[in-house]
Amino acid sequence: MEKNMETIFQDKIDKEIRIEPKDWMPEKYRQTLIRQISQHAHSEIIGMLPEGNWITRAPSLKRKAILIAKVQDEAGHGLYLYSAAETLGISRDEMYDQLHSGKAKYSSIFNYPTLSWADMGVVGWLVDGAAIMNQVPLCRSSFGPYARAMVRVCKEESFHQRQGFEILYVLSKGTEAQRKMAQDAINRWWWPSIMMFGPKDDESPNSIQSMKWKIKRFSNDELRQKFIDVCAEQVKVLGFTLPDKDLKWNEERGHYDFGEINWDEFWQVIAGNGPCNKERLDARKKAWADGEWVRAAATAHAAKKAAKRTAA
Amino acid sequence: MSYSIIKLYYGDYGEAKNGAADISTNNTPKEEWPLWEIFIRSKQGLDHKHAGSLHAADAAMAIENARDVYTRRMEGVSIWAVESKYIHASVPEEAGSLYDPANDKAYRHPTFYDLPDEVKYM
Amino acid sequence: MTTLNKINYLLHLADNALIIGHRCSEWCGHGPVLEQDIAISNIALDYIGQARNFYQYAAEIINSENDPSLGFVLPATEDSLAYLRDTPDFKNNLIVELPNGDWAVTTLRLFLFSTYQFYLYNQLVNDADTQLSAIAEKSLKEVTYHLRWSGDWVIRLGDGTEESKLKIEKAIEYLWPYTGEMFINNDDSISSDWNKKLSSIFHDATLTIPAKSWMQEGGLKGIHTEHLGYILAEMQYLQRAYPNSEW
């Protein structure tokens, strides 16, 4: 029976039929999805912090409004994704517990600090740019709720990348001090951004299973190369440079060659040793703990109201 | 079957490198606000369509939140909020018996009837 | 109304919206639950939008006067008015600049203030100045929602748990002395409508309205609490550190 179900399941996947929450699925598929979707959701929520850091200091009212809207969108994305994970039978509170206890991970990029206004531009251009490249294929994820959440997310994300690039474009036309601020931000964020695509393919042999299940559709290296090719051209429009002396066009490959990535740093940041790991997690834990009495009050009030209705 | 999945996606670094693979215990903590399904009529004359879900302490809050989350407070829309636990769903394994018979009844579909071309507007 | 009075009145409305919007925006990413984080960020956005409308209109008048003796940077823009005036130039009510405190202080402040704005904008909708009345009309829709949202929270916290009741009672004690300033220079009808609304929500929240007491004031004259200086230091830092730059 089990075997048969698994064949039917794989058959559906091969035919591009979406899997829905109540359909039979291998336990490992369910687990993998819960982990993947919840960690994606955590990334959105933690991702609010480095940008939220600049809301009160945004240099114009227009920029302030855009930034609030953007950070708020990320909260919305987190919410869509938590909801998608909840269809698999895990509660949002449980996912929070996993995040707060350090058991669940989130994108390591958010463990880097946002030190200047230009970082708002670079986060939009590079970090959201890398995220979009990762996310667009997920709109065709085999799991229905995830795919649908991602369609919504991707629609909103493209505005994020564009506003980021625009911030940098304005800085590039600005004063010497502003150009310096922007180049410095690019220098700090470039390498962490290309690390966002994950380890090299030959070091993650088992994402093959994920490809077979059509959870993930392109390899890490394919996406990374595509991203670097795009950015190497876009940075020219800004008149800035990417901090990689080995970056050059390879006619034969039809791609840009690039320098060695510091994977040691990557794993260190994931392991908790990034510049802001502790701050980020502490901020989330504090918000959750401080909110506990608020949530309890709303629950208590709702119960009182319901009791009154029943009595009436 | 055993797979160890190293990296899947954005924010997910797999089991091998400390990623959580912990699966639900299905113990929804009692104090969590209930989950609501949100249906939105985006324009007069259209059906309410499922927009997504959210957590809220009561129905009023669910509707308020739905405006913030799913319509960004567009006006002139109608919102339904239904607590998720009250949604009954057909069971997929039975889907065959529920839906397949209808496929056989082609006579329910207008195109089943081959009418002479002269008959218009039918 | 003289032109300068008109400008100052618009700046008063704009500063109120900007500063309370600033306070609401501080919650972004730190709310008690994701859905409410989104809600309060929406409210912050509404207020920043209102501030921009009022500043833009004020800037228009300042520029058409084109009189350096009025004391404004020329040409005036929404950003020069928000970012290049200092504490004594700000004309907001003290209540909006007080720190957020906890969720009780934040939602109660929003309730007290947006109720006042609701009745004020209701009057301004009929103002002879069509530009002002148009801004008031748009803002009124937003404030109606802020009022409902914050009023619901006051009821939930008052009629919630013992702990939440204690917290909102403390918030009332803290904010109450700052409520009187809202009614200076306004029709009595605004304060009586405000009191009625307050009674009805406090009744549902099982809360008691404090007795009449000494009221703090000074915001309209530019004499603020210590908190505003820090808000402006943070908000204006880039404009001050890199003068004459485009962003």
Side-chain angles (χ1 to χ4, degrees), chain A residues 41 45-69 71-76 78-79 82 92 96 116-117 167 170-171 173-175 177-178 181 283-284 286-305, chain C residues 18 21-42 44-45 48-49 51-52 55-56 77-79 81-83 102-104 107 152-153 155-165 167-168 205 231 234-239 241-242 244-247:
Chain A
I45 299 310
I46 297 272
M48 295 170 74
L49 299 171
E51 287 178 286
N53 182 31
W54 280 87
I55 286 176
T56 55
R57 289 179 291 171
S60 74
L61 295 179
K62 184 181 110 183
R63 293 285 177 214
K64 190 189 287 288
I66 294 172
L67 189 59
I68 295 173
V71 179
Q72 188 197 32
D73 273 353
E74 277 149 23
L79 190 147
Y82 283 127
R92 198 197 287 173
Y96 277 160
S116 77
W117 172 251
I167 288 175
V170 171
L171 292 178
K173 303 273 171 230
T175 62
Q178 286 177 305
M181 187 191 281
R284 284 311 312 165
K286 181 174 187 308
W288 189 243
D290 288 353
E292 193 176 343
W293 69 270
V294 178
R295 298 188 298 273
T299 303
H301 175 69
K304 284 185 199 176
K305 246 189 0 189
Chain C
L18 178 64
H22 181 99
R23 285 303 191 203
C24 290
S25 79
E26 290 175 348
W27 276 102
C28 190
H30 308 274
V33 68
L34 201 44
E35 284 82 353
Q36 298 300 327
D37 203 307
I38 294 173
I40 199 161
S41 304
N42 248 344
L45 267 178
I48 304 297
R52 293 181 69 186
Y55 282 135
Q56 281 167 14
T77 63
E78 58 174 35
D79 287 329
L81 293 172
Y83 289 87
D102 58 15
W103 194 248
T107 54
D152 284 352
W153 269 111
I155 295 171
R156 276 184 206 114
L157 298 182
D159 185 39
T161 61
E162 260 173 61
E163 186 183 7
S164 69
K165 182 156 201 164
K167 289 198 192 255
I168 194 139
I231 293 180
E234 192 171 339
M235 188 172 79
Q236 300 179 338
Y237 126 78
L238 278 167
Q239 289 270 355
Y242 303 88
N244 304 316
S245 305
E246 293 290 319
W247 299 96

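Residue numbers start from 1 in every chain, and the chains themselves are labelled A, B, ... in the order their sequence lines are given, proteins ahead of strands.
Taken from CD1 in C/Ile168 to CH2 in C/Trp153, the straight-line distance is 10.5 Å, to the nearest 0.5 Å. Rounding to the nearest 0.5 Å gives a distance of 9.5 Å between CD of C/Gln56 and OG1 of C/Thr77. Note that the CG atom of A/Leu67 and the SG atom of C/Cys28 stand 8.0 Å from one another [nearest 0.5 Å]. C/Thr107 contributes atom OG1, which lies 10.5 Å from atom CG of C/Asp152 (distance to the nearest 0.5 angstrom). Rounded to the nearest 0.5 Å, atoms CD1 (A/Ile46) and CD (A/Glu74) are 12.0 Å apart. C/Asp79 contributes atom CG, which lies 11.5 Å from atom CH2 of C/Trp247 (distance to the nearest 0.5 angstrom).
For a residue to count as touching a neighbouring chain, one of its non-hydrogen atoms must lie under 4.5 Å from one of that chain's; by this rule C/Trp27 does not touch chain A. Contacts of A/Ile45 with chain C are made by side-chain atoms alone, with heavy-atom separations under 4.5 Å and no backbone atom involved. In this structure, the portions of A/Lys62 lying under 4.5 Å from any heavy atom of chain C include both its backbone and its side chain. In this structure, chain A has heavy atoms under 4.5 Å from both the backbone and the side chain of C/Glu234. Residue C/Lys167 touches chain A through its side chain alone, counting heavy-atom pairs closer than 4.5 Å. Residue A/Ser60 touches chain C through both its backbone and its side chain, counting heavy-atom pairs closer than 4.5 Å. Residue contact with chain A, scored on non-hydrogen atoms closer than 4.5 Å, involves the side chain of C/Asp37 exclusively. Contact of C/Ile155 with chain A is made through backbone and side chain together, with heavy-atom distances under 4.5 Å. Residue contact with chain C, scored on non-hydrogen atoms closer than 4.5 Å, involves the side chain of A/Arg63 exclusively. For chain A, the nearby part of C/Ile48 is the side chain; its heavy atoms alone come within less than 4.5 Å.
When A/Ala297, A/Ala298, A/Ala300, A/Ala296 are compared by the number of non-hydrogen pairs under 4.5 Å with chain C, A/Ala297 comes out ahead. When each of A/Thr175, A/Val71, A/Leu79, A/Ile55 is checked for heavy-atom pairs under 4.5 Å with chain C, A/Leu79 comes out on top. Interface summary for chain C: among A/Lys304, A/Arg295, A/Met48, the most heavy-atom pairs under 4.5 angstrom belong to A/Lys304. Among A/Ile68, A/Thr56, A/Leu49, the residue making the largest number of heavy-atom pairs under 4.5 Å with chain C is A/Thr56. Per-residue counts of heavy-atom pairs under 4.5 Å with chain C were compared for A/Pro59, A/Ala58, A/Gly52, A/Ser116; the largest is that of A/Pro59.
Ring geometry, A/Trp54 versus C/Tyr237: the interplanar angle falls from 30° to 60°, so the pair is classed tilted.
In this structure, C/Arg23 pairs ionically with C/Glu26, as a charged nitrogen and a carboxylate oxygen lie closer than 4.0 Å.
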side-chain contact (heavy atoms from CB on, under 4.5 Å) assessment of C/Val33 paired with A/Val294:
CA-CA 9 Å; C/Val33 68; A/Val294 178; over 6 Å; no
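Using a 3.5 Å distance cut-off with no hydrogens or angles, the side chains of C/Gln36 and C/Trp103 do not pair a donor with an acceptor.
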